[in-house]
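A quick write-up on the structure given underneath.
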Amino acid sequence: MANKEQKFEWEELKDIWVNSAQTKKINIQMSSLLDELKGKVSQFEKNSIKSDVATLKTHWVQFKGMTSQFEKDSINKDMARITTLLRKFLNLFKRNKE
């Protein structure tokens with residue numbers, strides 16, 4: 001149930017972002033920043049990042065099986081808090097928009 005609520009909240013946030021008057025300007029700025037960042041990263045760093053991501057993906061599968069119930073409960077509790085705060089943020093955003 002919590003997963004569905006989180007997905008709904010993120011979708012709602014995405015809709016607000018897409019319908020914002022500043023979306024085009026923000027997207028252009030983000031594109032420029034990403035291009036600038038890509039230009040400053042060496043091929044060695046790119047290869048290193050790809051290797052790290054592949055290693056993390058491999059270990060994540062192993063890690064999921066080793067996670068204790070306490071850790072799972074803690075993660076779920078944190079996600080519930082994040083969802084609650086996101087919901088409050090969206091409500092404030094909607095009020096200010098009206």
query: What's the spacing between Leu85 CG and Leu90 CG if we round to 0.5 Å?
result: 11.0 Å

- request: Supply the atom-to-atom distance Glu71 CD to Asp73 CG, rounded to the nearest 0.5 angstrom.
  value: 10.0 Å

- prompt: Under 4.5 Å between side-chain heavy atoms, hopping through other hydrophobics if needed: is there a path connecting Ile75 to Ile82?
  reply: yes

query: For the side chain of Thr55 and the backbone of Ser51, is there at least one donor-acceptor N/O pair under 3.5 Å apart?
result: yes

message: With a 3.5 Å distance limit and no angle check, can you tell me whether Ser74 reaches the backbone of Phe70 through a side-chain donor-acceptor pair?
response: no

field: Worked verdict on Arg81 versus Asp78 for side chain to side chain contact (heavy atoms under 4.5 Å, CB included)
entry: CA-CA 5 Å; Arg81 267 193 217 149; Asp78 291 344; 4.0 Å; yes

query: What pair of heavy atoms forms the shortest contact from Lys40 to Glu45, and how long is it?
result: O-OE1, 4.0 Å

